[in-house]
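Here is the structure we will look at, set down as structure tokens.
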Amino acid sequence: MSGDKFKSYGMEGLRTVYYGSSTGGPGQDPSQLVAEKFYAPWCAHCRRLEPVWNEVGLEMKRLRSPVKVGKMDATSYTSIASEFGVRGYPTIKLLKNDLAYNYRGPRTRDDIIEFAHRVSGALIRPLPSQQMFEHVKKRHRVLFLYVGGESPLKEKYIEVASELIVYTYFFSASEEVIPEYVTLNEMPAVLVFKDETYFVYDEYEDGDLKSWVNRERFQNYLTVDGFTLYELTDTGKLIVIAVIDGKNATIEHTRLQEVIQEVAKDYRDRFHRRDFQFGHIDGSDYVNNMLMDELSVPTVVAINTSNHQYFLPARHIESPEDVMQFINDILDGTIEARGGDGILQRLKRICYDVRTTVVSVFRSSPFLGCFLFGLPLGVISIMCYGIYTADTDVAYTEERTEVSKQETETRDVRDEGNEEEKKEENNGNSLVLSDAEQEPKDILEKKND
């Protein structure tokens with residue numbers, strides 16, 4: 001969220017292609033503002049962003065914005081990309097002095113330009129008059145305002161703004177600037193203006209100021225996309241959204257969206273904005289990816305962002321009363337909770353992410369997929385074959401050694417047996433010879449007698 005400090009490369013260290021500039025780098029002014037896109041040549045998402053990024057560069061040049069727009073091949077300059085904390089592609093950052101602000105919003109021209117203008121300007125924008133206040137309020141769907149002088153609350157407000165400026169605007173004004181319809185029980189105060197009304201921050205009721213701002217930066221009813229859905233997971237709210245097909249103009253789809261809008265507007269006081277968020281999303285891809293499930297469209301789903309559980313209605317939603325009953329059943333615990341953040345779900349998430357990544361790579365670029373996954377598998381196969389054959393050779397060598405040893409022992413035993421037979425034969429011959437020699441002696445003795 002916040003602007004992360006990065007190691008200074010004197011800015012000239014950024015190997016960047018700049019739009020509308022004949023120079024090869026952003027120069028050596030350390031206060032220069034740079035909107036940087038870190039990309040990889042093989043990334044399909046980067047290729048889809050390229051025409052939008054070109055439009056951003058041309059528009060910023062036309063507006064004579066102080067923000068320069070550039071792009072860097074992060075695969076060629078990995079050390080620089082690593083220093084800036086690039087973990088995926090494409091990554092958009094605004095570099096301001098020694099801070100790098102991450103962009104996590106929708107990848108449209110207007111949203112990116114709005115982000116660049118918001119972050120490149122003053123952290124806290126002062127409102128000198130009531131006319132300026134009304135003008136700003138009409139321009140922004142959500143804005144935060146600090147009213148009062150110097151105080152510990154203002155210090156906290158500035159600290160929060162330095163982290164969350166990437167998402168919303170922060171203003172300040174004196175008490176005289178505030179219109180009469182705004183009632184403040186104490187000063188100083190922090191307010192949020194949205195949904196045609198305003199809310200005052202109460203430290204005892206709302207807790208930490210940063211958490212309060214992070215929850216209140218969303219309107220009560222939203223057109224949700226993948227980026228918004230991801231950001232809502234940090235709020236801890238129960239998100240109730242209609243999943244519809246925007247291209248389907250049938251009453252079933254349009255009516256479901258209207259029903260959720262009615263609940264968000266008419267029952268706002270009953271379902272406190274701190275705990276609930278309403279909206280609709282076009283298509284089920286992002287929701288399916290988050291829930292690791294396949295939802296039928298149209299439908300209503302409630303997501304508990306505090307523990308990643310989700311709930312589906314037991315019956316078809318046709319009216320605001322049905323939505324009310326659905327929410328009450330969730331709060332009462334009468335509807336089965338699915339998903340969660342347990343160990344099994346985390347293992348399931350790892351397997352799901354691996355599978356979807358592999359499928360995505362093969363769909364976008366089959367040859368690249370074969371190279372990325374085929375080459376490692378080939379190397380592993382060769383290694384396994386080498387290990388197997390090496391073990392076989394060793395086993396064969398050991399077997400031959402054992403056989404040779406047995407043959408040698410057998411030969412030794414046979415030789416010992418032959419030697420014993422020769423000895424016995426010699427002993428027999430000796431006995432025969434002795435008898436033959438003894439017989440003449442006996443004859444001579446008889447003759448002498």
In sequence, state the C-alpha distance, the side-chain angles, and the governing distance for Glu262 and Arg255, and then conclude on salt bridge (charged side-chain N to carboxylate O under 4.0 Å, His left out).
CA-CA 10 Å; Glu262 290 180 30; Arg255 177 55 185 162; 3.2 Å; yes
About how many Å separate CG of Leu209 and CZ of Phe144, when rounded to the nearest 0.5 Å?
8.5 Å
With a 4.5 Å limit on heavy-atom distance, are the side chains of Ser151 and Tyr146 in contact?
yes
With side chains defined as the heavy atoms from C-beta onward, is the minimum distance between Val213 and Tyr201 less than 4.5 Å?
no
Using a cut-off of 6.0 Å, state whether more than 12 heavy atoms not belonging to Gln130 lie near its atom CD.
yes
Heavy atoms only: give me the nearest Ala100-Phe84 pair and the separation to one decimal.
CB-CD2, 4.3 Å
Would you say the side-chain atoms of Ser82 pair up with the backbone N or O of Thr78, donor to acceptor, closer than 3.5 Å?
no
What's the shortest heavy-atom distance between Pro41 and Thr75, and which atoms?
CD-OG1, 3.5 Å
Donor-acceptor check, side chain of Asp195 to backbone of Asn220, threshold 3.5 angstrom: yes or no?
yes
Do the ring planes of Phe193 and Phe133 sit parallel (below 30°), tilted (30 to 60°) or perpendicular (above 60°)?
perpendicular
So, Thr254 side chain and Thr250 main chain: donor-acceptor pair closer than 3.5 Å or not?
yes
Does the pair Leu94 and Val67 meet the rule for a side-chain contact (heavy atoms from CB on, under 4.5 Å), with working shown?
CA-CA 9 Å; Leu94 189 131; Val67 179; 4.1 Å; yes
Heavy atoms of other groups near Glu175 CD, more than 12 under 6.0 Å
no
For the student: nearest non-hydrogen atoms of Ala116 and Met60, plus distance:
CB-CE, 3.7 Å
So, Asp206 side chain and Glu203 main chain: donor-acceptor pair closer than 3.5 Å or not?
no
Got a sec: does the CG of Asn185 have more than 12 other heavy atoms crowding it under 6.0 Å?
no
Can you tell me if Ser174 and Glu176 form a side-chain donor-acceptor pair at under 3.5 Å?
yes
Given the options Asn328, Asp322, Asp329, Gln325 meets side chain to side chain donor-acceptor pair (under 3.5 Å) only with Asp329
Would you say Leu232 and Gln277 make side-chain contact, with heavy atoms under 4.5 Å?
yes
Tell me if the aromatic rings of Phe170 and Tyr157 count as close, with their centers under 6.0 Å from one another.
yes
Nearest-0.5 Å distance that lies between atom CD1 in Ile80 and atom CE in Met72:
4.5 Å
Verify, without hydrogens or angle tests, whether Arg118 (side chain) and Val166 (backbone) share a donor-acceptor contact under 3.5 angstrom.
yes
Side-chain donor or acceptor of Asp73 paired with backbone N/O of Ala40 under 3.5 Å:
no
Are Tyr39 and Tyr89 close enough that their ring centres sit under 6.0 Å apart?
no
Pairwise side-chain contact, Asp234 with Thr305, heavy-atom cut-off 4.5 Å (strictly under)
no
Could you tell me whether Lys194 and Glu216 have a side-chain N and a carboxylate O separated by less than 4.0 Å?
yes
Lys93 side chain vs Ala35 backbone, donor-acceptor pair below 3.5 Å
no
Nearest heavy-atom approach of Ser120 to Lys96 is O-NZ, 3.8 Å
Polar side-chain atom of Tyr169 near backbone of Leu145 as donor-acceptor pair, under 3.5 Å
no
Can you measure from CD1 (Ile244) to CG (Asp282) and round to the nearest 0.5 angstrom?
6.0 Å
Might you work through the side-chain hydrogen bond (donor to acceptor under 3.5 Å, both in side chains) test for Ser211 and Asn214, ending with a clear yes or no?
CA-CA 5 Å; Ser211 301; Asn214 197 43; over 6 Å; no
Which residues pass the side-chain contact (heavy atoms from CB on, under 4.5 Å) test with Leu123, sequence neighbours left out?
Ile158, Ala161, Ser162, Ile165
Considering only heavy atoms from C-beta outward, does the side chain of Met132 approach that of Val136 to under 4.5 Å?
yes
If you apply the rule side-chain contact (heavy atoms from CB on, under 4.5 Å), what do you find for Val142 with Val192, and how did you get there?
CA-CA 7 Å; Val142 179; Val192 59; 3.9 Å; yes
Looking at Asp245 and Lys247, would you say the former's side chain and the latter's main chain have a donor-acceptor pair under 3.5 Å?
yes
Begin from the C-alpha positions of Arg217 and Glu231 and carry the test salt bridge (charged side-chain N to carboxylate O under 4.0 Å, His left out) through to its verdict.
CA-CA 11 Å; Arg217 64 187 177 90; Glu231 295 299 335; 3.4 Å; yes
For residues Asn304 and Ser306, is any side-chain donor paired with an opposing acceptor at under 3.5 Å?
yes
Close side-chain approach of Glu50 to Asn54, heavy-atom, < 4.5 Å:
yes
Taking every non-hydrogen atom, the tightest pair across Leu153 and Pro188:
CD2-O, 3.9 Å
Distance check, rounded to the nearest 0.5 Å: Asn97 atom CG versus Leu33 atom CG?
7.0 Å
Checking Trp53 against Lys71 for the side-chain contact (heavy atoms from CB on, under 4.5 Å) test, could you report, in this order, the C-alpha distance in whole Å, the side-chain angles of both residues, the deciding distance, and whether it holds?
CA-CA 9 Å; Trp53 197 249; Lys71 61 181 181 179; 4.2 Å; yes
Output yes when a side-chain donor or acceptor of Asn288 lies under 3.5 Å from a complementary backbone atom of Ser284, and no otherwise.
yes
Passes side-chain contact (heavy atoms from CB on, under 4.5 Å), Phe311 versus Glu336? Steps please.
CA-CA 7 Å; Phe311 307 85; Glu336 178 187 1; over 6 Å; no
Do Lys137 and Leu143 make a side-chain contact, defined as non-hydrogen atoms from C-beta onward lying under 4.5 Å apart?
yes
Is there side-chain contact between Arg338 and Gln309, with heavy atoms separated by less than 4.5 Å?
no
Any salt bridge linking Arg62 with Glu59? Criterion: basic side-chain nitrogen under 4.0 Å from a carboxylate oxygen.
yes
Taking all heavy atoms of Pro298 and all of Leu256, pick out the closest pair and write down the distance.
CB-CD2, 3.8 Å
Rounded distance [0.5 Å steps], CZ in Phe278 versus OH in Tyr267
11.0 Å
Answer with yes or no whether the side chains of Asp111 and Thr108 bring together a donor and an acceptor at under 3.5 Å.
yes
Tell me whether the count of non-hydrogen atoms from other residues, nucleotides or ligands lying under 6.0 Å of NZ in Lys154 goes above 12.
yes
Rounded to the nearest 0.5 angstrom, the OG1-CD1 distance for Thr299 and Ile317 is 8.0 Å
Would Asn248 and His253 count as having a side-chain donor-acceptor pair, cut-off 3.5 Å?
yes
